[in-house]
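Quick notes on the structure that follows.
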Amino acid sequence: MLDIKLIRENPELIKEGCRKRGARVDIDRILDLDKRKRELMHKIEQLRSKQKELGSQTPLPLKKLKQIKNEIKKLEPLLKEKEEKLQELLLSLPNLPLEDVPEGKDEKENVVLRREGDLKRFDFKPKDYLTISEKLDLIDVKRAGKISGTRFGFLKKEAVLLEFALIKFTFDRLLKYGFSPIIPPVMLKPEMMEGTGHLSEKDRKEKYFIEKDQLYLAGTAEQPIAAMYANEILKEKDLPLRYLGFSTCFRREAGSYGKDTKGIFRVHQFDKIEMFSFCKPEESKQEHEFFLNLQERLMKEIDLPYQVVKICTGDMGFPAARQYDIETWIPSEGRYRETHSTSVCTDFQARRLNIRYRSKTGKLNFVHTVNGTAFAIGRTIIAIIENYQQKDGTIKIPEALQKYTGFSQIPS
RNA sequence: GGAGGAGUGGCCCAAUGGUACGGCAAGAGAUUGCUAAUCUCUGACGGUUUAAAAGCCGUCUUGUGGGUUCGAAUCCCACCUCCUCCGCCA
């Protein structure tokens with residue numbers, strides 16, 4: 001959520017930000033509602049003040065008090081209505097992009113910053129991961145389809161062990177940096193999901209919702225971790241407060257009919273290791289770069305070729321102020337595919353979730369939040385299978401992971 | 001799922017219809033002088049002022065939302081969370 005004071009004082013800045021992001025919003029309507037809300041509030045406060053004053057007199061002027069009471073009762077619903085409408089409009093505004101974010105309409109205008117890692121040379125025609133996996137019995141989407149429908153998969157045999165290895169490897173590497181390990185609940189109350197900024201009109205249909213219990217399934221551990229400190233006040237000395245979360249993620253993939261329909265690249269359920277940080281405003285940009293750096297370090301260590309992409313204003317996630325994606329080389333497709341994402345959300349999520357910290361001087365301030373993929377496991381396994389396939393049909397295990405898998409190739 | 005109990009500042013706790021008691025902890029300031037002590041201040045929000053603050057004005061704050069009342073922590077209704085027991089269960 002954006003600061004109403006900022007909107008009041010700087011409406012042009014907000015309008016410009018929304019325009020860049022391609023959000024159609026009526027800022028003037030918000031300003032008008034805000035003004036009328038404050039007027040009503042003032043009126044009601046005056047009445048209440050009067051009520052208190054008269055309430056201490058003896059004998060009680062009952063007639064006047066009743067009159068004031070009725071007047072307040074009449075105004076209160078009006079105020080509530082204004083507040084709710086204003087809140088609704090405020091929640092519909094996306095975060096403002098930081099200055100260095102490239103302006104653009106959609107993913108075509110994202111900017112590739114750099115490419116890292118040498119593409120593997122194959123002296124044979126590399127196969128796609130699904131062909132390899134089915135032959136080695138690592139992935140079964142046919143039976144998953146039978147029991148659950150499309151966009152599900154069984155992960156089997158060495159692929160499962162590879163997942164566990166990747167998890168242990170990642171936690172080993174990152175816990176050194178002050179991350180606290182965490183496994184969050186993957187079901188959230190609507191107001192918490194709303195607080196993360198992942199319930200915009202576009203995002204909403206992407207979520208699974210359990211009607212009977214009024215709970216959303218998390219699409220990423222970012223959501224429950226961000227909401228964890230809702231309505232709480234953190235201590236300045238605990239910041240940055242970093243979490244390394246593991247969770248299963250659920251996505252409806254509603255808008256992606258016909259896209260990546262084969263295999264497990266785009267599925268309704270996958271596991272992911274996610275970095276998250278609550279930090280001070282002045283350190284959030286640096287924290288964001290730090291997350292990107294960690295992502296790259298992990299990728300370099302398991303030696304997968306990738307490119308870093310700076311996401312343009314029109315393609316950023318709703319709560320993001322700046323976003324980088326990492327795309328990993330997939331030989332069978334001859335192109336880079338998205339495997340990681342990291343965003344700094346400034347105080348956008350913190351305002352919605354009311355997460356503040358008390359500074360040394362005692363002042364309350366909203367924290368900034370930063371999130372980033374450590375590894376989306378399904379897609380990483382895909383990338384490993386494709387990039388590490390051998391001529392004889394086996395798959396080599398990246399050296400850094402061998403210690404964790406206990407074998408150096410598949411079949412082992 | 002059933003029965004019972006409980007939710008008051010960071011923590012502990014008092015108040016049964018009339019200004020929310022007190023203690024502990026932590027932070028800031030002052031004083032003394034040395035491994036600390038003493039004293040003072042410290043809930044949130046809105047408005048106003050300001051370079052920023054202090055200040056000033058007001059409202060809100062006893063799990064949440066309603067209701068009764070001139071007035072609710074207190075009475076009524078619904079919901080949430082936690083605890084105990086029963087049932088079920090990895």
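Source: prediction; values computed, not measured.
Rounded to a whole Å, the CG atom of A:Leu62 is 10 Å from the P atom of B:G71. Straight-line distance from the NZ atom of A:Lys43 to the C1' atom of B:C57: 19 Å, rounded to whole Å. Atom C1' of nucleotide B:C60 and atom CZ of A:Arg48 are separated by 8 Å, given to the nearest angstrom. Rounded to an integer number of Å, the gap from NZ of A:Lys66 to C1' of B:U69 is 9 Å. Atom CG of A:Leu234 and atom P of B:G10 are 13 Å apart (whole Å). Rounded to an integer number of Å, the gap from CG of A:Leu215 to C1' of B:C80 is 13 Å. Atom C1' of nucleotide B:C60 and atom CD of A:Gln51 are separated by 13 Å, given to the nearest angstrom. Following rounding to the nearest Å, A:Glu84 (CD) and B:G66 (C1') show an atom-to-atom distance of 13 Å.
Using P as the reference atom, B:C24 and B:G18 are 28 Å apart when rounded to the nearest Å. Taking atom C1' on both B:C88 and B:A3, the two are 16 Å apart, rounded to the nearest angstrom. B:U42 and B:G22 have their P atoms separated by 13 Å, given to the nearest Å. Nucleotides B:C77 and B:U84, compared at atom C1', are 26 Å apart to the nearest Å. Using atom C1' as the reference point in both B:U19 and B:A73, the two lie 14 Å apart (nearest Å). On the P atoms, B:G23 is 24 Å away from B:G29, given to the nearest whole Å. Between B:C11 and B:A26, the two C1' atoms lie 11 Å apart (nearest whole Å). Taking atom P on both B:G65 and B:C56, the two are 30 Å apart, rounded to the nearest angstrom.
The nucleotide B:U31 finds its pairing partner in B:A37, both defining distances of the Watson-Crick or G-U wobble pair being shorter than 3.5 Å. Look at B:U50: it lacks any Watson-Crick or wobble partner with both distances under 3.5 angstrom. Within the shown strands, nothing qualifies as a pairing partner of B:G9 under the Watson-Crick or G-U definition with both distances less than 3.5 Å. When both distances must be under 3.5 Å, the Watson-Crick or G-U wobble mate of B:U59 is B:A44. Within the shown strands, nothing qualifies as a pairing partner of B:U69 under the Watson-Crick or G-U definition with both distances less than 3.5 Å. In this entry B:A90 has no Watson-Crick or G-U wobble partner, no candidate having both defining distances under 3.5 Å. A 3.5 Å limit on both hydrogen-bonding distances identifies no Watson-Crick or G-U partner for B:A15. Pair assignment for B:A25: none, as no Watson-Crick or G-U wobble contacts are both less than 3.5 Å.
For A:Gln223 (side chain) and A:Gly219 (main-chain N/O), a donor-acceptor pair under 3.5 Å exists by modelled atom type. For A:Arg251 (side chain) and A:Glu206 (main-chain N/O), no donor-acceptor pair under 3.5 Å exists by modelled atom type. Side-chain atoms of A:Gln390 come within 3.5 Å of backbone N or O of A:Tyr388 as a donor-acceptor pair. Looking only at distances, a side-chain donor or acceptor of A:Arg21 sits under 3.5 Å from a matching main-chain atom of A:Asn95. Side-chain N or O atoms of A:Asp128 include one that pairs as donor or acceptor with a backbone N or O of A:Thr131 at under 3.5 Å.
Here the side chains of A:Met228 and A:Phe276 are not in contact, with every heavy-atom distance at 4.5 Å or above. In this structure the side chain of A:Ile4 reaches within 4.5 angstrom of the side chain of A:Ile30, judged on heavy atoms.
Within the 6.0 Å centre-distance limit, the rings of A:Phe291 and A:Phe179 are counted as a close aromatic pair. Two rings, from A:Phe348 and A:His368, have their centers 6.0 Å or more apart.
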* side chain to side chain donor-acceptor pair (under 3.5 Å) evaluation trace for A:Glu333 with A:Tyr129 -> CA-CA 10 Å; A:Glu333 297 190 32; A:Tyr129 76 93; over 6 Å; no
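Within residues 67-80 of chain A, the residues having any heavy atom under 4.0 Å from RNA chain B are, by residue number, A:Lys69, A:Lys73, A:Lys80.
Each of A:Gln46 and A:Ile233 has a nearest nucleotide on RNA chain B; the 5'-most of these lies closest to A:Ile233. Place A:Leu65 and A:Lys235 on RNA chain B by their nearest nucleotides, and A:Lys235 ends up nearer the 5' end.
Distances shorter than 4.0 Å separate none of the side-chain N or O atoms of A:Arg358 from OP1 or OP2 on B:G27. Note on A:Ser49: a side-chain N or O is less than 4.0 Å away from OP1 or OP2 of B:U59.
The side-chain tip of A:Arg337 points at the ring of A:Phe265 from less than 6.0 angstrom away and within 45° of straight on.
In the displayed structure, A:Lys15 atom NZ is contacted under 6.0 Å by more than 12 heavy atoms of other residues, nucleotides or ligands.
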Review item, nucleotides 46-50 of chain B N/O atoms under 3.5 Å of protein N/O:
| residue | atom | partner | partner atom | Å |
| --- | --- | --- | --- | --- |
| B:G47 | OP1 | A:Arg8 | NH1 | 2.5 |
| B:G47 | OP1 | A:Arg8 | NH2 | 3.4 |
| B:G47 | OP1 | A:Arg38 | NH1 | 3.2 |

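Using a 4.0 Å heavy-atom distance criterion, A:Ile44 is classed as making no nucleic acid contact.
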